[in-house]
Amino acid sequence: MKQMKIALIGAGSVSFALGALNDIVLSERLKTQVDLDIALMDISAENVTRTHKYAREMFDSFEHPAKIWQTTNLEEALTNADFAIVAIEVNRYHYWSQDFHIPRRYGSKQVYGENGGPGSMFHTLRNLGPMLEIARMMEKVCPNAWFLNYTNPEAKLVEAISKLTTIKIVGLCHGLDMGVDQISHFLEMKKEEIGFEAGGLNHFGFFTKIWDKATGKDLYPLFDAQERKANRLAEWDHIGLSRTMYQIYGMYPYPGTNHCGEYVSYASDFYAGLTLQYRYDPIREQLWKQGSRTPDFVYCAGGHSLDKGLFDNVTTQENWAEEAYKFSKEKVCPSQEYAIPIIEAIYFDDEIEINSANLPNKGAIKGLPDDMVVETQAVVNGQGIELKPMSVELPTAVIGTIHIQGMIHRLLIEAFLEGSKTKLLQAILLDPGAPTYYQACAMIDEMCELQKEILPELAWK
C-alpha cells in the first residue's frame, strides 16, 4: 500500500482544519488505498490538542485507519510530507481591526483591508515571514511536496513564496464559486447547468463567458435582462457593487462587494457594512490598542443576528468554535474546498479541473506579467497544477487595475527583503485606497509601532 503524509500547518484553526479533516475522512481512496499519516501542527499547543482530540474521535467513528498525531514542531510535521495544507494567522481579529481602522483614521478609503488596500500590506508583511519559514523548512525536509495555501492575502503571499523559494505552491480560494452562486440566482438556473470562464486577481475576478451546458447557448444576454429586472436593493451589501461593476465593465465580477471593493476607489458608495465593520464606540474604546476587547467581526462564518434583544447572546468566534468542536457524525460533510481533490488528483494521477487556482500567470491571462500570481481555472493531474489560458481578454480597465496590484506585490517583496518603509510607502501610494503622502507616512509609523512584535523590522531608507 502506498504511503502518504499530509501536514496541516495551522491546525488549530477551526474552519480550515475541520474542513480539511472532514474531506480526508470522507475520501474512500485515502481510507483504503494509502497508508495515511496526518500531522497536525500549530504554534498553539492548546489549539492543536483540541483539533487532535476532535480528529481522533471523528476518524474512529468512521473506522478510518489513518495515523493522526499532533506537534508544535514545524520540522517534525513537515519531514517527508507529500503535501502541506497551510492556513496561519496570529491573533487574527485584533490585528485585522488595526488593518481596518488605522488606515481609515489616516484618510484611506479602503473598505476591508484584508487582501487589498493599505491594511492588506501590513497583513502581507505580518504573514510573509512565517510563510517563508514554512517554505524554507519544506526545501530542507520535503522539497518535492506541494504547498497548498489558504492564508491571506492569497495572491501577495503565493507570489512571494513562488519567487523567493523553490517550493511548488498554489493558493486556493472559493470566491469564484460564490460568484457562480450569484449568477445562478440571477438566471434562476441551477449552478450545475451553467458553464463559465472566469479569472483575474484573487478576490477581483470576472466572468468572461457564461453558457448553458446543455445547449451551449450564451447566457450573458439573459443575465443582462435578469440583472436589469432585479430589485435594485436586493442583497445590496453583498452584490450592490458587483452589479455596478458589471454595468461599468460589461462582465460580472466575483466574489462580492467587500472583496472586490478592496481594489477600487469607489467601493464605499456601495458598502453599508462599513457602519458595522469591527464596530466600536470611540468614546469608550479603541480596538486597535493592546488589552482592548477582541472585536466582533460581522462578516464571519459564525454569523451575527441584527435583531437580537439587548441582553441576548450574539454569536462570536469563541462560542462558534466551541460548537464546531462538539463532534457528531451527522455534521461531517464535504467542505467544498479544493485541497483534498487536488491531493488525490496529483497522487493518483487523475485529471480534474478546478474552478480557481492562484499560480504564476505564465500567459494564462493576456496583458498581465508572466510572473504575477493570478487566479483562474486550472487542470490538476500527476504532473501538478496548471492554469487554463483564458480565451476571452479581460477589459482594459480591469487589466489596468490588476496590473497596479502586481506592482504592489513586487514592492512589498522588496520592502520585506530590504526592511524598507520607503518601499512600503511606494506600494501604499500606488493603491486606489491610498491616503495623502503625509498621512501615509504617519500611518506607516503608527502601524509599525502597533505591530512591532509581529511585523518585520522596517526603517526609512
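Counting heavy-atom neighbours within 6.0 Å of Glu57 CD, excluding the residue itself, gives a total above 12. In this structure, Gln383 places its CD atom where only 12 or fewer heavy-atom neighbours from other residues, nucleotides or ligands lie under 6.0 Å away. With a 6.0 Å radius and a threshold of 12 heavy atoms from other residues, nucleotides or ligands, Lys331 has its NZ atom above the threshold. More than 12 heavy atoms of other residues, nucleotides or ligands shown are found within 6.0 angstrom of CD1 on Ile454.
Side chain to side chain, His174 and Glu337 meet the donor-acceptor criterion of an N or O pair below 3.5 Å. Between the side chains of Asn202 and Glu154, no donor N or O sits under 3.5 Å from an acceptor N or O. Using modelled atom types and a 3.5 Å distance limit, the side chains of Ser335 and Asp23 yield a donor-acceptor pair. Under the 3.5 Å distance criterion, with hydrogens and angles disregarded, a donor-acceptor pair is assigned to the side chains of Gln70 and Thr49. In this model, no donor atom of one side chain and acceptor atom of the other lie less than 3.5 Å apart for Asn355 and Gln377. Checking Gln110 against Arg104 by side-chain atom types alone, no donor-acceptor pair falls below 3.5 Å. Side-chain contact of Gln98 with His94: a donor-acceptor pair under 3.5 Å is present, judged by distance alone. With 3.5 Å as the limit, one finds no donor-acceptor pair spanning the side chains of Asp82 and Trp146.
At distances below 3.5 Å, at least one donor-acceptor pair connects side-chain atoms of Ser61 with backbone N or O atoms of Met58. Looking at Glu262, its side chain does come within 3.5 Å of a backbone N or O of Asn115 through a donor-acceptor pair. Gln182 places no side-chain N or O within 3.5 Å of a backbone atom of Gly256 that could act as its donor or acceptor partner. Using a distance-only test at 3.5 Å, with no hydrogens or angles considered, a donor-acceptor pair links the side chain of Asn358 to the main chain of Gly171. A donor-acceptor contact shorter than 3.5 Å links the side chain of Glu159 to the backbone of Val373. For the pair Tyr263 (side chain) and Gln405 (backbone), a donor-acceptor distance under 3.5 Å is absent.
Remark: Lys2 qualifies as a cation-pi partner of Tyr347 under the 6.0 Å distance and 45° angle criteria applied to the six-membered ring. Seen from the ring of Trp211, Lys213 does not count as a face-on cation partner, given the 6.0 Å and 45° thresholds. Annotation: cation-pi geometry satisfied between Lys329 and Phe62 (NZ/CZ under 6.0 angstrom from ring centroid, within 45° of ring axis).
In summary, the aromatic rings of Phe204 and His259 are positioned with their centroids too far apart to meet the 6.0 Å limit. Annotation: Phe223 is in aromatic contact with Tyr246 [ring centroid separation under 6.0 Å].
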* Asked: Which is it for Glu114 and His123 under the side chain to side chain donor-acceptor pair (under 3.5 Å) test, yes or no, and what are the steps along the way?
  -> CA-CA 7 Å; Glu114 182 194 17; His123 191 193; 5.4 Å; no
Report task. Take Asp37 and Asn80 through the side chain to side chain contact (heavy atoms under 4.5 Å, CB included) test and state the conclusion after the steps. Result -> CA-CA 10 Å; Asp37 184 8; Asn80 298 322; over 6 Å; no
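Ion pair Lys31/Glu28 not flagged as a salt bridge, since none of the NZ, NE, NH1 or NH2 atoms sits closer than 4.0 Å to an Asp/Glu carboxylate oxygen. One finds no salt bridge joining Arg410 and Glu414 here, because no Lys/Arg side-chain nitrogen approaches an Asp/Glu carboxylate oxygen to under 4.0 Å. A salt bridge does not link Glu197 with Lys388: every distance from a Lys NZ or Arg NE/NH1/NH2 to an Asp or Glu carboxylate oxygen is 4.0 Å or more. Salt bridge status for Lys191 with Asp177: absent, with no side-chain N to carboxylate O gap under 4.0 Å.
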Return a table of donor-acceptor pairs under 3.5 angstrom between the side chains of residues 136-145 and protein atoms on other chains or two or more places apart.
residue : atom : partner : partner atom : Å
Glu139  : OE2  : Thr166  : N            : 2.9
Glu139  : OE2  : Thr166  : OG1          : 2.9

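Counting all heavy atoms, side chain and backbone alike, Leu412 lies closest to Leu424 at CD2-CD1, 3.8 Å. Between Ala11 and Thr51, the shortest heavy-atom contact is O-OG1, 2.7 Å. In terms of heavy atoms, Leu241 sits closest to Gly261 at CD2-CA, 3.5 Å.
If you run side-chain hydrogen bond (donor to acceptor under 3.5 Å, both in side chains) between Glu89 and each of Thr151, Asn152, Asn127, only Asn127 comes through.
Inter-residue side-chain proximity for Ser242 and Tyr252 is flagged as met; some heavy-atom pair is nearer than 4.5 Å. Residues Arg56 and Tyr54 are not in side-chain contact: their nearest non-hydrogen atoms beyond the backbone lie 4.5 Å or more apart.
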